[in-house]
Chemist: 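I have a structure I would like to understand better, so I am pasting it below and will then ask my questions one at a time.
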Amino acid sequence: MEIIESLKELLGWDDPPVVVVPRAQRRIQAKASIEAWLERQTTPQYKLAPYKFAERLRALVDAPQTLRQGAYGWCLPAAFLNSVLRRFPDVAVQFGLDLYATGEASIGDIEATMSDTFRAFDYPEAIRAAYGSDERARDLFLLSHADWLLLAGIEQATHAVFSVTGEFNQLVSLTTGALVKLFEDSGLYAAVSDLSAADKRDRQKLLEALNKSATHDVVLVADMKRFGPTGLTRHAGRLVSAPTVTTSGNSPNPADNEMIALQYWSWGFQPTRANDLPFDPEENAFTISMSRRQFINVDIVVAEPKPI
């Protein structure tokens, strides 16, 4: 490498300029790929018609916040895929088109190969059997058939020892390390960090990390309120906007007196049991508030997208 750099300096060669593709252009490219694929793909896969899959992909390109996690515990793949859909829709779409057509797909070094068991799994029948009496959930989940396939592919890529089958009760990836690895392996991000405990205790560094949500993908992994104020579940959510900080109380510890309100994308729609949480239907985002000291228990992943 040093020899190459020396030759470049000697000969006056410069690195090729980085070509940045605007998001609007990426959306156009994504939709063009969908149309070209639809002309070739005539055989239904996964109990899902090609035109239905294409229809849903178009909707996700236009509104990535509508990606639905559905009935599965795939919040880490959802947080990652939502990020990629927003910034690199052409990459996410190509992953989906390949996965549908061949059962194999990749994003950078993220590789997914779906098992024969998964490819034969009857998703619509499984949803009807599990949610037949809950019309709202059943209908939303049935409309999420394409989302299920996309997220299953990302989930499969996080497992080295067993295959995703489509069943509801399978082991899922819930480690922050798995999320960091997805961002790193995608090849779409210049730097990925999991904020250290020391940095989370440092007010300036904590707020700097959270405030990067406009230019970076910032994902929280923690026991967060999602199904109402009394329901805590380990979950991953992507920050939608910079947090709001307010001060109240008279605790001797300043970290107890500062409340940080933040809005995070999750789930893709508002679960009925989350009616007590502030919810933005436009962004499909919940709002929660925590003291600054509580953030020591929250894993914060900050992914800086490459200028490509």
Chemist: Would you please name every residue forming a side-chain contact (heavy atoms from CB on, under 4.5 Å) with R128, sequence neighbours left out?
Modeler: P124, L142
Chemist: Starting from the C-alpha separation in whole Å, work towards a yes-or-no answer on side-chain contact (heavy atoms from CB on, under 4.5 Å) for V91 and L188.
Modeler: CA-CA 9 Å; V91 175; L188 301 173; 4.2 Å; yes
Chemist: Hey, does Q29 have a side-chain heavy atom less than 4.5 Å from the side chain of V21?
Modeler: yes
Chemist: Any pair with a residue in residues 60-70 that passes salt bridge (Lys or Arg N to Asp or Glu O under 4.0 Å), sequence neighbours left out, goes on the list, sorted by first then second residue, please.
Modeler: K31-D62
Chemist: I'd like to know if I28 and L38 are part of one continuous hydrophobic network [Ile/Leu/Val/Met/Phe/Trp/Tyr, side-chain heavy atoms within less than 4.5 Å].
Modeler: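 No; tracing contacts between hydrophobic side chains, which count when under 4.5 Å, never links both residues.
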Chemist: Would a 4.5 Å heavy-atom cut-off, applied to side chains only, mark F53 and P44 as touching?
Modeler: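 In short, these two side chains do not touch, never coming nearer than 4.5 Å.
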Chemist: Can you spot which of R238, R87, K212 makes a side-chain hydrogen bond (donor to acceptor under 3.5 Å, both in side chains) with D217?
Modeler: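 So the option named by the test is R87.
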Chemist: Give, for atom CD1 of I300 and atom CG of D194, the distance between the pair rounded to the nearest 0.5 Å.
Modeler: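 Between I300 CD1 and D194 CG, I get 8.5 Å after rounding to 0.5 Å.
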Chemist: Could you check whether atom CZ of F168 has more than 12 heavy atoms from other residues, nucleotides or ligands sitting under 6.0 Å from it?
Modeler: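 Yes, because the 6.0 Å sphere around CZ of F168 holds more than 12 heavy atoms from other groups.
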Chemist: Between F183 and F80, does the ring centroid distance fall short of 6.0 Å?
Modeler: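 Ring centres of F80 and F183 closer than 6.0 Å.
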Chemist: Which residue pairs pass the salt bridge (Lys or Arg N to Asp or Glu O under 4.0 Å) test when at least one of the two sits in residues 137-163, sequence neighbours left out?
Modeler: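 Matches after skipping sequence neighbours: R56-D147.
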Chemist: Just how far is it from atom CZ of R26 to atom OG of S33, taken to the nearest 0.5 Å?
Modeler: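 Nearest 0.5 Å value for the CZ-OG distance: 11.5 Å.
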Chemist: Any link between L150 and L143 through a network of hydrophobic side chains (Ile, Leu, Val, Met, Phe, Trp, Tyr) touching at under 4.5 Å?
Modeler: no
Chemist: Are side-chain N/O atoms of Q94 and D90 paired as donor and acceptor at under 3.5 Å?
Modeler: no
Chemist: Hydrophobic clusters join Ile, Leu, Val, Met, Phe, Trp and Tyr when side-chain heavy atoms are under 4.5 Å apart, directly or via other members; which others share one with I296?
Modeler: none
Chemist: Which distance, rounded to the nearest 0.5 Å, do you find between the OG1 of T176 and the CG of L76?
Modeler: 7.5 Å
Chemist: Please tell me if the side chains of R293 and N253 come closer than 4.5 Å, counting only heavy atoms from C-beta onward.
Modeler: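 A side-chain contact under 4.5 Å exists here.
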Chemist: Determine the minimum heavy-atom distance between S241 and S213, stating which atoms define it.
Modeler: C-OG, 3.2 Å
Chemist: Any donor and acceptor pair, going by atom type alone, linking the side chain of H145 with main-chain N or O of Y46 inside 3.5 Å?
Modeler: yes
Chemist: Looking at every non-hydrogen atom in both residues, tell me the closest pair between S266 and F286 and how far apart they are.
Modeler: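 Looking at all heavy atoms of both residues, the closest pair is O-CE1, 3.9 Å.
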Chemist: About how many Å separate CD1 of I110 and NZ of K181, when rounded to the nearest 0.5 Å?
Modeler: 8.0 Å
Chemist: Taking atom CG of D280 and atom CD of Q263, what is their separation to the nearest 0.5 Å?
Modeler: 5.0 Å
Chemist: One pair to check against side-chain contact (heavy atoms from CB on, under 4.5 Å): L171 and F162. What are the steps and the verdict?
Modeler: CA-CA 9 Å; L171 181 70; F162 74 91; 3.9 Å; yes
Chemist: Mark yes when over 12 heavy atoms from residues, nucleotides or ligands other than R86 sit less than 6.0 Å from its CZ; otherwise mark no.
Modeler: yes
Chemist: Could you walk me through whether L57 and L97 pass the side-chain contact (heavy atoms from CB on, under 4.5 Å) check?
Modeler: CA-CA 9 Å; L57 284 183; L97 297 177; 3.5 Å; yes
Chemist: Can you name the nearest heavy-atom pair linking Q65 to E282, along with the distance?
Modeler: NE2-O, 3.2 Å
Chemist: So, for V219 and A79, which heavy atoms are closest and what is the spacing to 0.1 Å?
Modeler: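 Residues V219 and A79, closest heavy atoms: CG1-CB, 3.9 Å.
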Chemist: Answer with yes or no whether the side chains of Q170 and T165 bring together a donor and an acceptor at under 3.5 Å.
Modeler: yes
Chemist: Taking all non-hydrogen atoms of both residues into account, name the closest pair between A209 and V218 and its distance.
Modeler: O-CG2, 3.7 Å
Chemist: Do you reckon V172 sits in the same ILVMFWY cluster as L149, going by side-chain contacts under 4.5 Å, direct or chained?
Modeler: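 Yes, it is one cluster - the side chains of V172 and L149 are joined through contacts under 4.5 Å.
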Chemist: Same cluster or not: I308 versus L182, using hydrophobic residues (I, L, V, M, F, W, Y) connected whenever any side-chain heavy atoms lie under 4.5 Å apart?
Modeler: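 Looking at the clustering, L182 is in the same group as I308.
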Chemist: If hydrophobic clusters are built by linking Ile, Leu, Val, Met, Phe, Trp and Tyr wherever their side-chain heavy atoms come under 4.5 Å apart, do F141 and L48 end up in the same one?
Modeler: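 Yes; tracing contacts between hydrophobic side chains, which count when under 4.5 Å, links both residues.
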Chemist: Quick check against the 3.5 Å criterion: does D256 have a side-chain atom that pairs as donor or acceptor with the backbone of S251?
Modeler: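 No.
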Chemist: Do S163 and S115 get their side chains close enough for a donor-acceptor pair, meaning under 3.5 Å?
Modeler: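 There is no such pair (donor and acceptor under 3.5 Å, judged by atom type) between the side chains of S163 and S115.
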Chemist: Determine whether a donor-acceptor pair (N or O, by modelled atom type, separation under 3.5 Å) exists between the side chain of Q156 and the backbone of V164.
Modeler: yes
Chemist: Going by the rule side-chain contact (heavy atoms from CB on, under 4.5 Å), which residues pair with P243 if we only count those two or more places apart in sequence or in a different chain?
Modeler: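 Checked P243 against side-chain contact (heavy atoms from CB on, under 4.5 Å); matches are L210, N211, I260, L262.
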Chemist: Going through the distances and angles, do E35 and R40 end up as a salt bridge (Lys or Arg N to Asp or Glu O under 4.0 Å)?
Modeler: CA-CA 9 Å; E35 301 314 313; R40 303 189 304 269; over 6 Å; no
Chemist: Within a reach of under 6.0 Å around NZ of K47, are more than 12 heavy atoms found that belong to other residues, nucleotides or ligands?
Modeler: yes
Chemist: Return the set of residues passing side-chain hydrogen bond (donor to acceptor under 3.5 Å, both in side chains) with E208 (not counting sequence neighbours), or none when no residue passes.
Modeler: Q204
Chemist: Measure the spacing between CZ of F121 and CG of D116 and express it to the nearest 0.5 Å.
Modeler: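 Between atom CZ of F121 and atom CG of D116 there are 15.0 Å.
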Chemist: Answer whether the closest heavy-atom distance between the side chains of R136 and F269 falls below 4.5 Å.
Modeler: yes
Chemist: Would a 4.5 Å heavy-atom cut-off, applied to side chains only, mark Q45 and R119 as touching?
Modeler: yes
Chemist: Can you check whether L195's main-chain N or O pairs, donor with acceptor, with S193's side chain at less than 3.5 Å?
Modeler: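 Flag not set: sc S193 to bb L195 has no pair under 3.5 Å.
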Chemist: So Y100 and W37, would you call those rings parallel, tilted or perpendicular, with 30° and 60° as cut-offs?
Modeler: perpendicular
Chemist: Do you know the tightest heavy-atom contact between G153 and L99?
Modeler: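 Closest heavy-atom pair between G153 and L99: CA-CD2, 3.8 Å.
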Chemist: Under a 4.5 Å cut-off applied to non-hydrogen side-chain atoms, are Y131 and L140 in contact?
Modeler: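 No, side chains not in contact.
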Chemist: If you define the side chain from C-beta out and look only at heavy atoms, does anything of S83 sit under 4.5 Å from F88?
Modeler: no
Chemist: Is there a side-chain contact between W148 and Y72 in this structure, where contact means two heavy atoms from C-beta onward sitting under 4.5 Å apart?
Modeler: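 Yes; the side chains approach each other to less than 4.5 Å.
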Chemist: Assess whether side-chain contact (heavy atoms from CB on, under 4.5 Å) is satisfied between Y264 and T287, documenting all intermediate values.
Modeler: CA-CA 6 Å; Y264 67 94; T287 297; over 6 Å; no
